[in-house]
Asker: 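Here's a structure for you.
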Amino acid sequence: MQIKVKTIRNLEVIEKELNSISSGVIVLPLEEDFEQIGTNFVYHNKNIYVFIQNKELCKNLKLEAIAKFTAIKETASRKKNKKEKENIYSLFYISVSGIIKNVREKKLINNIKQSFIQKYSGKLIESGSRSKSFSRLIYIDTEELTATEETGV
């Protein structure tokens, strides 16, 4: 099998993919360790926003430390042509590294909630309504953003 790896540097392409990918894996720094969890997210203003539901995780979260988020988009594997048995796969993955922080500004919290609901349901919520499903909002203040396209033949 041959693997082709290409680094993507075009920010518009990366942002488009981040807005279309629905989930990823975040590595969160804790007081004595780290936690890796799969999560939904919103990409906004060059940062990754995540709602943390787990209260124990929230208590142990070490703010102002380095965190990393990775989103992966996989296209369905297909045969190169009918005569060949070799499959092709294609991955597009984006890694975001930066400092983990709390979101404290009410207006930003409401904007992210709106964006989150619109991204995952396609609907907007009324500005006055409250949802119990949203918990602590944190974000990765992006310091490094890398994207890679990998194809296997």
Side-chain angles (χ1 to χ4, degrees), residues 1-58 60-82 84-103 105 108-109 111-124 131 133-153:
M1 180 161 78
Q2 182 182 14
I3 298 173
K4 297 177 185 176
V5 178
K6 178 181 169 185
T7 301
I8 308 299
R9 301 193 192 289
N10 185 332
L11 188 58
E12 286 181 24
V13 171
I14 295 170
E15 288 180 332
K16 179 183 174 200
E17 293 297 337
L18 278 170
N19 287 320
S20 72
I21 298 171
S22 61
S23 60
V25 176
I26 191 167
V27 178
L28 295 170
L30 303 178
E31 290 300 326
E32 296 183 20
D33 204 2
F34 67 90
E35 182 82 20
Q36 179 176 308
I37 58 172
T39 185
N40 294 333
F41 70 98
V42 169
Y43 177 75
H44 175 74
N45 203 18
K46 299 190 178 26
N47 296 316
I48 298 292
Y49 291 83
V50 175
F51 286 97
I52 302 294
Q53 309 295 333
N54 182 320
K55 290 181 183 180
E56 188 67 30
L57 184 61
C58 287
N60 294 319
L61 190 61
K62 185 177 179 183
L63 296 172
E64 303 298 325
I66 296 288
K68 188 162 189 165
F69 177 82
T70 302
I72 301 173
K73 179 180 180 181
E74 180 178 9
T75 57
S77 60
R78 62 188 191 279
K79 291 187 179 183
K80 199 171 184 180
N81 66 40
K82 291 181 181 181
E84 293 187 28
K85 294 180 180 179
E86 204 168 5
N87 287 338
I88 296 175
Y89 73 88
S90 181
L91 296 174
F92 188 93
Y93 46 96
I94 302 165
S95 294
V96 179
S97 297
I99 305 296
I100 195 82
K101 297 180 179 183
N102 266 328
V103 179
E105 184 184 326
L108 180 58
I109 292 170
N111 286 343
I112 297 300
K113 283 181 182 180
Q114 289 282 358
S115 295
F116 191 92
I117 290 171
Q118 188 170 12
K119 180 176 181 177
Y120 294 101
S121 74
K123 301 174 185 175
L124 290 175
S131 174
S133 64
F134 294 109
S135 191
R136 184 175 180 183
L137 180 60
I138 59 170
Y139 72 104
I140 296 178
D141 189 4
T142 303
E143 293 179 351
E144 181 180 17
L145 181 73
T146 60
T148 305
E149 188 173 48
E150 180 179 315
T151 306
V153 182

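We're numbering straight along the sequence, starting at 1.
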Asker: Could you list all the side-chain hydrogen bond (donor to acceptor under 3.5 Å, both in side chains) pairs where at least one residue sits in residues 25-44, not counting sequence neighbours?
Answerer: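 For residues 25-44, and leaving out neighbouring residues, the side-chain hydrogen bond (donor to acceptor under 3.5 Å, both in side chains) pairs sorted by first residue read Glu15-Tyr43.
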Asker: To the nearest 0.5 Å, tell me how far Ile14 CD1 sits from Leu145 CG.
Answerer: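 Between Ile14 CD1 and Leu145 CG, I get 5.0 Å after rounding to 0.5 Å.
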Asker: Any side-chain heavy-atom pair from Val50 and Ile37 closer than 4.5 angstrom?
Answerer: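 No, side chains not in contact.
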Asker: Would you tabulate the side-chain donor-acceptor contacts of residues 96-103 under 3.5 Å, counting partners in other chains and residues two or more places apart, or write 'none'?
Answerer:
from   : atom 1 : to     : atom 2 : distance (Å)
Lys101 : NZ     : Asp141 : OD2    : 3.0
Asn102 : OD1    : Arg136 : NE     : 2.8
Asn102 : OD1    : Arg136 : NH2    : 3.2

Asker: Say you draw a straight line from OG1 of Thr7 to CZ of Arg9; how long is it, rounded to the nearest 0.5 Å?
Answerer: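 One gets 5.5 Å once the value is rounded to the nearest 0.5 Å.
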Asker: Using 0.5 Å steps for rounding, measure from the CD atom of Glu105 to the CG atom of Leu137.
Answerer: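 Glu105 atom CD to Leu137 atom CG measures 11.0 Å (nearest 0.5 Å).
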Asker: Please list all pairs passing the side-chain hydrogen bond (donor to acceptor under 3.5 Å, both in side chains) test where one or both residues lie in residues 144-153, with sequence neighbours left out.
Answerer: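 Non-adjacent pairs meeting side-chain hydrogen bond (donor to acceptor under 3.5 Å, both in side chains): Tyr89-Glu150, Tyr93-Glu150.
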Asker: Taking everything shown except Tyr120 itself, do over 12 heavy atoms lie less than 6.0 Å from its OH?
Answerer: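 Buried by this count: over 12 neighbours within 6.0 Å.
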Asker: Working to the nearest 0.5 Å, report the span between OH of Tyr139 and CG of Asn45.
Answerer: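 If we round to the nearest 0.5 Å, Tyr139:OH and Asn45:CG are 9.5 Å apart.
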Asker: For Asn10, what residues pass the side-chain contact (heavy atoms from CB on, under 4.5 Å) criterion, not counting sequence neighbours?
Answerer: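 So Asn10 forms a side-chain contact (heavy atoms from CB on, under 4.5 Å) with Glu12, Val13.
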Asker: Spell out, as yes or no, whether a donor-acceptor pair under 3.5 Å connects the side chain of Ser135 to the backbone of Ile52.
Answerer: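 Side chain of Ser135 to backbone of Ile52, a donor-acceptor pair under 3.5 Å: yes, one is there.
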Asker: Going by side-chain hydrogen bond (donor to acceptor under 3.5 Å, both in side chains), name the residues that satisfy it together with Lys73, two or more places apart in sequence or in a different chain.
Answerer: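 Scan of Lys73 (side-chain hydrogen bond (donor to acceptor under 3.5 Å, both in side chains), adjacent residues dropped) gives Glu17.
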Asker: Has the side chain of Lys119 got a donor or acceptor atom that lies under 3.5 Å from a matching backbone atom of Ile21?
Answerer: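 Side chain of Lys119 to backbone of Ile21: a pair is present.
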Asker: So, taking the atom named CG in Asn47 and the one named CD in Glu143, what distance separates them when rounded to the nearest 0.5 Å?
Answerer: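 The distance works out to 10.5 Å.
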Asker: Please report the shortest heavy-atom distance between Phe92 and Ala147, naming the atom on each side.
Answerer: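 Heavy atoms only, the tightest pair is CZ-CB, 4.1 Å.
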Asker: Any donor and acceptor pair, going by atom type alone, linking the side chain of Tyr49 with main-chain N or O of Ile109 inside 3.5 Å?
Answerer: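 No; zero donor-acceptor contacts below 3.5 Å.
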Asker: Parallel, tilted or perpendicular: which describes the rings of Phe51 and Phe116, with under 30° parallel and over 60° perpendicular?
Answerer: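 Perpendicular, since the angle between the ring planes exceeds 60°.
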Asker: Just one of Val27, Ile48, Thr142 clears the side chain to side chain contact (heavy atoms under 4.5 Å, CB included) bar with Phe69, so which one?
Answerer: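 Among Val27, Ile48, Thr142, the one that satisfies the side chain to side chain contact (heavy atoms under 4.5 Å, CB included) with Phe69 is Ile48.
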Asker: Which residues pass the side-chain contact (heavy atoms from CB on, under 4.5 Å) test with Asn111, not counting sequence neighbours?
Answerer: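 For Asn111 the side-chain contact (heavy atoms from CB on, under 4.5 Å) partners, ignoring immediate neighbours, are Lys107.
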